[in-house]
S.K.: 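Can you read through this structure? Questions will come right after.
Order of the sequence lines sets the chain letters (A, B, ...), proteins ahead of strands, with each chain counted from 1. Note: hydrogens, waters and symmetry copies are ignored here, and every other heavy atom, side chains too, is used. Keep in mind the model is a prediction, meaning the values are calculated, not measured.
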Number of protein chains: 2
Amino acid sequence: MNPVENHTLDHELGERLATSGFRFTSQRRCVYDVLLQKRDHPTAEEVFQRAKRQMPDISHATVYNCLDALVACGLVRQVQLERGATRYCPNMEEHCHYYCDECGAVFDVALPPEATSMPGPKGFKIDHYEIAVHGFCADCVKKK
Amino acid sequence: MNPVENHTLDHELGERLATSGFRFTSQRRCVYDVLLQKRDHPTAEEVFQRAKRQMPDISHATVYNCLDALVACGLVRQVQLERGATRYCPNMEEHCHYYCDECGAVFDVALPPEATSMPGPKGFKIDHYEIAVHGFCADCVKKK
DNA sequence: CCCTTATTTAGAATGATTCCAATTATTGAC
DNA sequence: GTCAATAATTGGAATCATTCTAAATAAGGG
């Protein structure tokens with residue numbers, strides 16, 4: 001990533017954080033960078049491990065704090081796919097997750113707009129959809 | 001519930017367990033009963049508390065074992081709505097969960113068949129869908 | 001009724017997340 | 001730029017959720 005892009009990203013990240021009442025910190029930039037660099041839906045622990053490579057003193061609690069801030073300001077989504085650790089996803093476009101119950105692989109698939117148009121409980125104010133499709137990926141189907 | 005219904009349910013539960021290679025036990029019946037009695041998407045801990053009222057010696061590990069067996073034989077669904085404890089749902093019809101991020105209430109809503117018809121990754125074998133709609137329930141909208 | 005083997009049990013162990021109190025860093029006002 | 005106010009970070013302890021373990025018990029087929 002070149003310096004100009006970097007600077008632009010920092011600026012946008014700062015704005016997003018600020019409008020939700022959060023401060024811009026180097027840790028939050030680092031955590032957001034980690035998520036953008038490898039979009040494989042890492043757990044908080046995995047984010048922590050990767051962030052430590054760039055920022056050796058970052059702590060566990062800070063990673064959770066940063067992830068929560070990024071979720072709260074709409075830059076990152078929390079993804080719950082199985083019992084156990086939550087995963088994080090910086091793709092904010094409408095999409096669903098195909099999840100391989102065998103190997104744990106996750107595939108983002110764009111959502112057709114009509115997929116999210118069911119009538120809900122009366123008065124319910126929708127914030128967002130979380131659509132997970134469970135099954136077996138092509139590789140794991142072959143192996144059986 | 002009258003004895004005849006009870007007996008029928010036991011029989012069906014036994015068959016379902018057997019066809020997946022599980023044995024019928026009083027603990028599994030108890031856990032399944034608990035889920036059927038109050039369909040509020042309890043966590044494993046809540047199931048444990050309720051099951052203990054009917055079966056004081058049932059253990060934590062057994063509740064997890066029973067829930068896993070019921071999920072494996074297709075009588076119960078696991079539902080992941082937020083960071084933290086997994087919830088359990090005995091409604092096996094195609095439906096999605098409207099989840100109030102404020103108060104934690106969960107509403108089952110039947111799915112129109114066209115909602116689950118998106119093209120997925122090549123070769124992916126779909127097992128089932130988990131659709132969660134996050135937002136605020138009518139009550140919580142009013143309170144603000 | 002006996003045998004085999006799955007299941008249950010209590011408690012320890014692990015994993016994921018949150019809490020805490022002290023320190024540090026960011027931001028806005030001057 | 002300096003200062004004060006306060007949000008964020010830190011490391012570690014604490015808590016919550018789940019899994020593991022080894023011994024005791026119970027199902028189900030023959």
S.K.: Identify, with sequence neighbours excluded, every residue that meets side-chain hydrogen bond (donor to acceptor under 3.5 Å, both in side chains) alongside A:Glu82.
M.R.: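 In terms of side-chain hydrogen bond (donor to acceptor under 3.5 Å, both in side chains), with neighbours along the sequence ignored, A:Glu82 is linked to A:Tyr99.
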S.K.: List the residues meeting side chain to side chain contact (heavy atoms under 4.5 Å, CB included) with B:Arg39, not counting sequence neighbours, and say none if there are none.
M.R.: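 Result, side chain to side chain contact (heavy atoms under 4.5 Å, CB included) vs B:Arg39: B:Leu36, B:Pro90, B:Asn91.
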S.K.: Not counting sequence neighbours, which residues clear ring pair (Phe, Tyr, Trp, His ring centres under 6.0 Å) with A:His60? List them please.
M.R.: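 Ring pair (Phe, Tyr, Trp, His ring centres under 6.0 Å) list for A:His60, sorted by chain: A:Phe48.
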S.K.: Just by modelled atom types, is the B:Leu9 backbone N or O under 3.5 Å from a matching donor or acceptor in the B:His11 side chain?
M.R.: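 Not at all, since once roles are kept as given, no pair shorter than 3.5 Å links the two residues.
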S.K.: Whole angstroms only, please: what is the CG-C1' distance between B:Asn65 and C:dA6?
M.R.: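 B:Asn65 atom CG is separated from C:dA6 atom C1' by 9 Å.
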S.K.: The criterion is side chain to side chain contact (heavy atoms under 4.5 Å, CB included); which residues satisfy it with B:Asp40, sequence neighbours excluded?
M.R.: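 Side chain to side chain contact (heavy atoms under 4.5 Å, CB included) list for B:Asp40, sorted by chain: B:Lys38, B:Pro42, B:Arg50.
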S.K.: Which residues in residues 15-27 of chain A have a heavy atom closer than 4.0 Å to any atom of DNA chain C?
M.R.: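 Going residue by residue through residues 15-27 of chain A, the ones with a heavy atom under 4.0 Å of DNA chain C turn out to be A:Arg23, A:Phe24.
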S.K.: Can you see which heavy atom on B:Ile58 is nearest to which on B:Lys52, and at what distance?
M.R.: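 Looking at all heavy atoms of both residues, the closest pair is CG2-CG, 3.9 Å.
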S.K.: Determine to 10° how strongly the helix from C:dC1-D:dG30 to C:dC30-D:dG1 is bent, judged from the axes of its five-pair ends.
M.R.: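 Rounded value for the end-axis angle: 50°.
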S.K.: Quick one: A:Glu46 CD to C:dT17 C1', roughly how many Å, whole number?
M.R.: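 Rounded to whole Å, this separation is 15 Å.
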S.K.: Can you say whether the rings of B:Phe124 and A:Tyr98 are parallel (under 30°), tilted (30 to 60°) or perpendicular (over 60°)?
M.R.: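 Perpendicular.
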S.K.: For B:Ser59, give me all partners under side chain to side chain contact (heavy atoms under 4.5 Å, CB included), at least two apart in sequence or on another chain.
M.R.: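 B:Ser59 satisfies side chain to side chain contact (heavy atoms under 4.5 Å, CB included) with B:Ala61, B:Thr62 once adjacent residues are dropped.
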S.K.: Taking DNA chain C as the partner, which of residues 71-90 of chain A come within under 4.0 angstrom of it by heavy atom?
M.R.: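 By residue number: A:Ala85, A:Thr86.
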S.K.: Determine all donor-acceptor pairs shorter than 3.5 Å in which one atom belongs to a side chain in residues 20-27 of chain B; sequence neighbours excluded.
M.R.:
from: B:Thr25; atom 1: OG1; to: B:Arg28; atom 2: N; distance (Å): 3.1

S.K.: Of all the choices, C:dC19, C:dT8, C:dG11, which nucleotide is nearest to the side chain of B:Cys66 once you look at every atom?
M.R.: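 The nucleotide sitting nearest to the side chain is C:dT8.
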S.K.: Which heavy atom of B:Val31 sits nearest to which heavy atom of B:Leu67, and what is that distance?
M.R.: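 Shortest heavy-atom contact: CG1-CD2, 3.8 Å.
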S.K.: Give me the atom names and distance for the closest heavy-atom approach of B:Cys89 to B:Asp108.
M.R.: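 What the structure gives for the nearest pair is SG-OD2, 4.2 Å.
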S.K.: For A:Glu102, give me all partners under side chain to side chain contact (heavy atoms under 4.5 Å, CB included), at least two apart in sequence or on another chain.
M.R.: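 Partners of A:Glu102 under the side chain to side chain contact (heavy atoms under 4.5 Å, CB included) test: A:Cys100, A:Phe136, A:Cys140, A:Lys144.
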S.K.: Using the salt bridge (charged side-chain N to carboxylate O under 4.0 Å, His left out) rule, collect all pairs that involve residues 122-142 of chain A, keeping only residues at least two apart or in two chains.
M.R.: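 Sorted pair list: A:Arg77-A:Glu130.
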S.K.: Between which nucleotides of DNA chain D, 5' to 3', does chain B make heavy-atom contacts below 4.0 Å?
M.R.: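 Endpoints of the contacted stretch of DNA chain D: D:dA17 to D:dG28.
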S.K.: Taking atom C1' of C:dA25 as reference, at what distance in whole Å does atom CZ of A:Arg29 sit?
M.R.: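 Rounding to the nearest Å, CZ of A:Arg29 and C1' of C:dA25 are 14 Å apart.
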S.K.: What is the distance from NE2 of A:His60 to C1' of C:dC19, rounded to the nearest Å?
M.R.: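 Answer to the nearest Å: 14 Å.
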